[in-house]
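Note sheet for the following structure.
The analysis underlying the following values was restricted to heavy atoms, covering all of them including side chains, and did not include hydrogens, waters or symmetry mates. Note that this is a predicted model, so its numbers are computed, not measured. Numbering of residues begins at 1 and proceeds along the displayed sequence.
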Amino acid sequence: MVKSEYKEIIYLDQVELTSALAQLQGGLKESLTATDSNTKATTEGDSIGGKMDGKLDTIIAKAALGANWNMSNQKQNSESVSQAMNIVFKDYQLERLLSELGDDLAELDDFPEEGSFVLAQGEFKMLDFKSIGTLVSGNTLKNLMRKIPDADDPQKTSWNKPAEEGFKLLGSLAELGIKMLPDTMMVLLPGATVYAQNSNFRLSSGQIGPLLASEREINILGVVESYAGASKMDMTTLSEGFSKGDFSNVGSFVSSLSENLLTALGVIKYGNQLIKPIAIYFKNN
């Protein structure tokens, strides 16, 4: 059983979380409703009053009648007053999923099968091609560096030929990364590469910056989709097939190119677990 504790959740895929809980628990309670009822009674009356004087010469009575009379119509209404309080589980669903998985939740060192739930923990790095591209594109950074003196030679500026070539290369890499992995931020751990959807982050790109200096271990609950270096993603095999007119595996081309390029750059290591995250968080005991 996972101990309940405060978690700083920076990423949550609510769709995947809800789906997993619903399937594992045979249905999902998303909220509880507590109702407090009481009854309020209201009496309403209509009254007509007066005085009657007269004589009734009938068989039944021959006496003089003098009487006061009153006709009243009363009804009682009962109104039931209910107060409902909706208790929504929200982030606690993450705790419930961790508890539901229990000992079946694998760790990276277990080298779980594809499709298994895994809890990856450890030191981390984050890579966002869009943020890099935004920063290095255009002339803003270039013009700024031209105003900053070089640390070794004050007569020169920080912008020089090597810097220019470096930023061009970085810009090209960012542009390619945006096209290969749109709306995706990569979280890198020893033994794992996590492909996180940008829209599920609870932080802006600016707020993510300070996290990169954190010495805390990150926790990532997700599903192992595959392992880096799988034979189906071999670029040589795909290229040979294309040269022979076999395009049956053309759908794997972009993913294969992406994986091979990132492996060549050292971003992905051969044998890394490629993980689709459900939640990313820090533990604060």
Side-chain angles (χ1 to χ4, degrees), residues 10-11 13 114 120 123-146 158-201 203-209 211-212 218 220 222-244 246-277 280:
I10 64 171
Y11 178 99
D13 189 331
E114 295 177 358
E123 297 179 355
F124 69 98
K125 298 176 182 178
M126 303 180 82
L127 176 58
D128 182 8
F129 289 112
K130 185 176 181 180
S131 295
I132 295 173
T134 301
L135 181 63
V136 301
S137 63
N139 295 319
T140 303
L141 185 60
K142 178 180 178 179
N143 293 336
L144 178 62
M145 292 184 67
R146 281 176 169 172
S158 297
W159 186 260
N160 49 44
K161 195 64 176 179
E164 184 175 1
E165 292 299 323
F167 277 104
K168 284 183 179 180
L169 180 60
L170 193 58
S172 298
L173 175 62
E175 184 179 357
L176 184 59
I178 293 171
K179 292 179 179 179
M180 293 189 302
L181 302 170
D183 192 31
T184 301
M185 180 179 295
M186 302 181 71
V187 185
L188 313 174
L189 292 84
T193 304
V194 180
Y195 293 81
Q197 185 174 333
N198 284 337
S199 56
N200 288 326
F201 275 97
L203 303 173
S204 67
S205 57
Q207 290 175 313
I208 287 175
L211 289 179
L212 301 179
I218 204 168
I220 301 176
V223 177
V224 179
E225 298 294 354
S226 60
Y227 281 79
S231 57
K232 291 175 63 176
M233 304 300 287
D234 182 65
M235 198 64 188
T236 302
T237 303
L238 289 174
S239 299
E240 289 177 353
F242 296 158
S243 66
K244 298 176 182 178
D246 180 8
F247 294 93
S248 59
N249 293 318
V250 69
S252 302
F253 176 72
V254 174
S255 297
S256 177
L257 178 62
S258 170
E259 183 177 311
N260 280 270
L261 177 61
L262 294 173
T263 300
L265 294 172
V267 176
I268 296 178
K269 304 294 183 183
Y270 180 83
N272 269 17
Q273 296 173 41
L274 307 181
I275 298 174
K276 177 182 66 177
I280 302 176

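- Between Leu173 and Ile132, every side-chain heavy-atom pair lies at or beyond the 4.5 Å cut-off.
- Once rounded to the nearest 0.5 Å, the distance linking CG of Asn200 with CD1 of Ile10 reads 12.0 Å.
- Going from atom CG of Asn198 over to atom NZ of Lys130 covers 7.0 Å, rounded to the nearest 0.5 Å.
- Across all non-hydrogen atoms, the minimal contact from Ile275 to Pro277 is O-CD, 3.6 Å.
- Around the CD atom of Glu225, the shell of radius 6.0 Å holds more than 12 heavy atoms that belong to other residues, nucleotides or ligands.
- Side-chain contact between Gln197 and Asp183 is present, with heavy atoms from C-beta onward closer than 4.5 Å.
- Side chain of Glu259 to main chain of Gly229: a donor-acceptor pair is present (N/O by atom type, distance under 3.5 Å, no hydrogens or angles).
- Panel note: side chain Tyr227, backbone Glu114; no donor-acceptor pair is recorded below 3.5 Å.
- Side-chain contact between Leu262 and Leu181 is present, with at least one heavy-atom pair separated by less than 4.5 Å.
- Atom OG of Ser131 is separated from atom CE of Met126 by 10.0 Å, given to the nearest 0.5 angstrom.
- A donor-acceptor distance shorter than 3.5 angstrom exists from the side chain of Thr184 to the backbone of Pro182, with no hydrogens or angles considered.
- For the pair Phe129/Lys179, no side-chain contact is recorded, criterion being any heavy-atom separation below 4.5 Å from C-beta on.
- Counting heavy atoms from C-beta on, the side chains of Lys276 and Asp13 never come closer than 4.5 Å.
- Taking CD1 of Ile218 as the start and CD of Glu123 as the end, the distance is 11.5 Å to the nearest 0.5 Å.
- Evaluation of the side-chain contact (heavy atoms from CB on, under 4.5 Å) rule for Ser204 yields Gln207 as partners, not counting sequence neighbours.
- The heavy-atom pair separating Ala196 from Ile280 by the smallest distance is CB-CD1, 4.3 Å.
- Two residues are said to be in side-chain contact when any heavy atoms from C-beta on lie closer than 4.5 Å; Leu127 and Val267 meet this criterion.
- Atoms CD1 and OH, on Ile220 and Tyr11 in that order, are 10.0 Å from each other to the nearest 0.5 Å.
- For Met180 against Ser258, the heavy-atom pair with the smallest separation is SD-CA, 3.5 Å.
- Each of Thr193, Val194, Thr263 was scored for a side-chain contact (heavy atoms from CB on, under 4.5 Å) with Asn272, with one residue passing: Thr193.
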